[in-house]
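What follows is one structure encoded as structure tokens, with my remarks underneath.
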Amino acid sequence: MGKYILAVNAGSSSVKVTFYTFENPPQAIADAQVSGITAPPPTLKYQRGTVKMKEELKEKMNSPQDAFQYILHRCFNDPELSEVASDRDLAYICHRVVHGGDYREAVEINDETLHHLEALEDLAPLHNFSALEIVRLCKKELPSVTSITYFDSAFHQTLPGYVRTYPINQQVAKANGLRKYGFHGISYSFILRSVAQFLNKPQEQTNLIAMHIGSGASICAIKEGKSIDTSMGLTPLAGLPGATRSGDIDPSLVFHYTSEAGKLSPGSTKEMHISTAEEILNKQSGWKALTGTTDFSKIAVENFPSGAHKLAFDILVDRMLGYIGNYYLKLGGQVDALVFAGGIGEKSALLRRTLAEKCQCLGIAIDAKANDKGPEDKATVKDISQGAGKGPRVLICQTNEQFEMAYHTVQLRL
Ligand SMILES: Nc1ncnc2c1ncn2[C@@H]1O[C@H](COP(=O)(O)OP(=O)(O)O)[C@@H](O)[C@H]1O
Ligand SMILES: CC(=O)OP(=O)(O)O
Ligand SMILES: [Mg+2]
């Protein structure tokens, strides 16, 4: 068996791949990310030891699968990364799969589990399809390496019945698996462990409002180390708006948007069945629909380039504020920290400042300089609160879904 772990995180706009040593805790030896898959040209960020590179890619990349194949080829053929040159060097491949249905834990891929996951694909066609394409590719091209899938939904198994249940016919709901699942759970698990450690508290006594804000964005209320509510639902479409997702809308809007809504979309393939409504609300909405860009760094700027950019920013702030208020009440005001994470949560000082100002009535105050500076390379968690304020601390957590998967693999298999 090889000595390294390959962790793959296929998100909606990026593919992040990290190679780790198979030891406790795992150490990253190389990290490659292709981002901008939804806003070409794609860019590659590659880090190996202390060497960092960033380049625009000329290759056309239509999907996370293309990006994964590109990264794998590049890493295996990098003479400076001779530790991992082929499947013989790998012990495990960890895959982030967004929708795990009723799975409570990670599973090892074999014919049976892969078949079960394929049956779930229709519940989250836009996310699971790409992840499973990568799993299938690894099975075919790296057949000697065991693949383990980690699920975004598993962290939210603790949602109370009244939170996970939609008020619809319960027979229909049960027969079709129609309930709130919640996502970004691999990230929330990383955030909980890192923040509890930072606060020097046991996880079972830690209460957080954790915000994973990236191309897909969600918020989670964590009470005594357990998810008690989260903004995404049956699929990652629910809750906050995202780069190309509408987030919550009145469900009736679908019936008025276009008469084609219920038909299969042109994006459907033999393997992936999506309706026009799903395609529109998942891929043609969000801030892309409002501003034309999926890049939030072009939206969250001090002087908004247009009214549409300001509107997109204001909508995100408004919806986030709604969840913060909601979860503050659900946690009975006992909140250790408000945590910003994800590409936007970690990088947009403007978003954090705007929200902190609007949360002043909860006793929240941030240190302007610390906030502007943002996260620092070495520290996973950074406190940007102003002194020992009355309210919850405000933290930035550099979340790392690849590390979380490698970490659990080592705990279970070493
Ligand atoms: N400086 C910045 N300010 C605001 N947003 C940023 C900044 N840098 C990157 N982003 C945004 O972060 C998002 C990507 O976040 P990430 O969590 O990596 O997404 P995903 O995992 O869904 O692919 C993109 O929308 C990108 O524009
Ligand atoms: C669940 C989800 O939306 O994931 P991502 O933000 O990586 O697209
Ligand atoms: Mg992500």
Side-chain angles (χ1 to χ4, degrees), residues 7-17 31 33-39 42-43 45 54 63-64 67 95-100 123-131 150-156 180-188 190-191 211-220 230-247 281-283 286-288 290-291 293-302 304 309 312-313 316-317 340-354 371-375 396-402 404-405:
V8 190
N9 170 7
S12 45
S13 71
S14 64
V15 174
K16 303 171 188 170
V17 166
D31 183 81
Q33 304 190 3
V34 171
S35 47
I37 299 172
T38 51
T43 50
K45 269 200 223 153
K54 190 173 174 182
S63 63
H95 303 263
R96 170 177 176 234
V97 173
V98 163
H99 212 306
L123 267 184
L126 292 157
H127 275 86
N128 277 30
F129 179 74
S130 299
Y150 285 83
F151 304 111
D152 259 24
S153 46
F155 185 76
H156 304 291
K180 179 186 277 236
Y181 291 87
F183 305 99
H184 287 142
I186 301 169
S187 174
Y188 289 128
F190 178 94
I191 292 170
M211 300 174 274
H212 180 108
I213 312 297
S215 291
S218 76
I219 305 200
C220 181
T230 189
S231 55
M232 286 179 171
L234 169 69
T235 75
L237 179 60
L240 297 171
T244 61
R245 283 174 237 172
S246 64
L281 297 177
N282 280 285
K283 298 243 166 168
W287 48 83
K288 181 180 178 193
L290 295 172
T291 67
T293 181
T294 55
D295 185 352
F296 205 73
S297 65
K298 304 231 159 63
I299 295 172
V301 286
E302 291 291 342
F304 294 106
H309 289 72
F313 184 82
L316 180 63
V317 167
F340 287 91
I344 297 169
E346 291 164 37
K347 294 197 187 94
S348 179
L350 181 66
L351 181 72
R352 293 190 297 264
R353 170 158 49 85
T354 310
N371 180 48
D372 284 346
K373 203 153 171 237
I396 304 173
C397 177
Q398 299 187 68
T399 192
N400 191 335
E401 290 151 310
Q402 299 91 280
E404 192 61 17
M405 296 189 285

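Predicted model, so just to flag it, every value in this text is computed and none were measured. Whatever order the structure lists them in is the order used to number ligands and atoms, beginning at 1. The residues of the chain are indexed from 1 along the displayed sequence.
- Taking all heavy atoms of S215, G36, G343 into account, the minimum distance to atom 24 (C) of ligand 1 is reached by S215.
- Between the side chain of K180 and the backbone N or O of T230, at least one donor-acceptor pair lies under 3.5 Å.
- Taking distance alone, with nitrogen or oxygen atoms compared against 3.5 Å, S14 approaches ligand 1 more closely than that limit.
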**Q.** Stepwise side-chain hydrogen bond (donor to acceptor under 3.5 Å, both in side chains) check, D295 with T293
**A.** CA-CA 5 Å; D295 185 352; T293 181; 5.3 Å; no
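- Using a 4.0 Å cut-off between a side-chain N of Lys or Arg and a carboxylate O of Asp or Glu, K16 and D31 do not qualify as a salt bridge.
- Atom CE in M211 sits 13.5 Å away from atom NE2 in H184 (nearest 0.5 Å).
- Under the side-chain contact (heavy atoms from CB on, under 4.5 Å) criterion, N371 pairs with A349, R352, R353, I366, I384, not counting sequence neighbours.
- Close approach of ligand 2 to F183 is summarised as follows: ligand atoms under 4.0 Å from at least one heavy atom of the residue are 1 (C).
- A donor-acceptor contact shorter than 3.5 Å is absent between the side chain of S348 and the backbone of I344.
- A donor-acceptor distance shorter than 3.5 angstrom exists from the side chain of S231 to the backbone of I219, with no hydrogens or angles considered.
- Heavy atoms of A300 come nearer than 4.0 angstrom to ligand 1 in no pair at all.
- When each atom of ligand 1 is checked for a heavy atom of G216 under 4.0 Å away, the hits are 22 (O).
- Not counting sequence neighbours, the partners of S153 by the side-chain contact (heavy atoms from CB on, under 4.5 Å) test are F151, Y181, F183.
- Residue-level proximity to ligand 1 for T294 is carried by the backbone, the only part with a heavy atom below 4.0 angstrom.
- Taking a cut-off of under 4.0 Å to the non-hydrogen atoms of G216, the atoms of ligand 2 that pass are 3 (O), 6 (O).
- Heavy-atom separations between H212 and ligand 2 are all 4.0 Å or longer.
- Taking a cut-off of under 4.0 Å to the non-hydrogen atoms of M232, the atoms of ligand 2 that pass are 3 (O).
- Within the 4.0 Å heavy-atom criterion, neither part of E401 lies near ligand 2.
- For ligand 2 and D152, the ligand atoms under 4.0 Å from any heavy atom of the residue are 1 (C).
- In this structure, of H184, H99, R96, R245, the residue bringing a heavy atom nearest to atom 6 (O) of ligand 2 is H184.
- Looking only at side-chain heavy atoms (C-beta outward), L316 and I299 stay at 4.5 Å or farther from each other.
- Polar contact with ligand 1: present for F296 (N/O pair, distance under 3.5 Å).
- Of all the heavy atoms of K16, none lies under 4.0 Å from any atom of ligand 2, so neither backbone nor side chain is involved.
- For H127, a nitrogen or oxygen atom sits less than 3.5 Å from a nitrogen or oxygen atom of ligand 2, counting backbone and side chain alike.
- Between the R245 side chain and the P236 main chain, a donor and an acceptor come within less than 3.5 Å of each other.
- The structure places OG1 of T235 at 9.0 Å from CG of L123, a figure rounded to the nearest 0.5 Å.
- Within the 4.0 Å heavy-atom cutoff, K16 counts among the residues contacting ligand 1.
- With distances taken over non-hydrogen atoms, the option nearest atom 12 (O) of ligand 1 out of T399, I213, I344 is I344.
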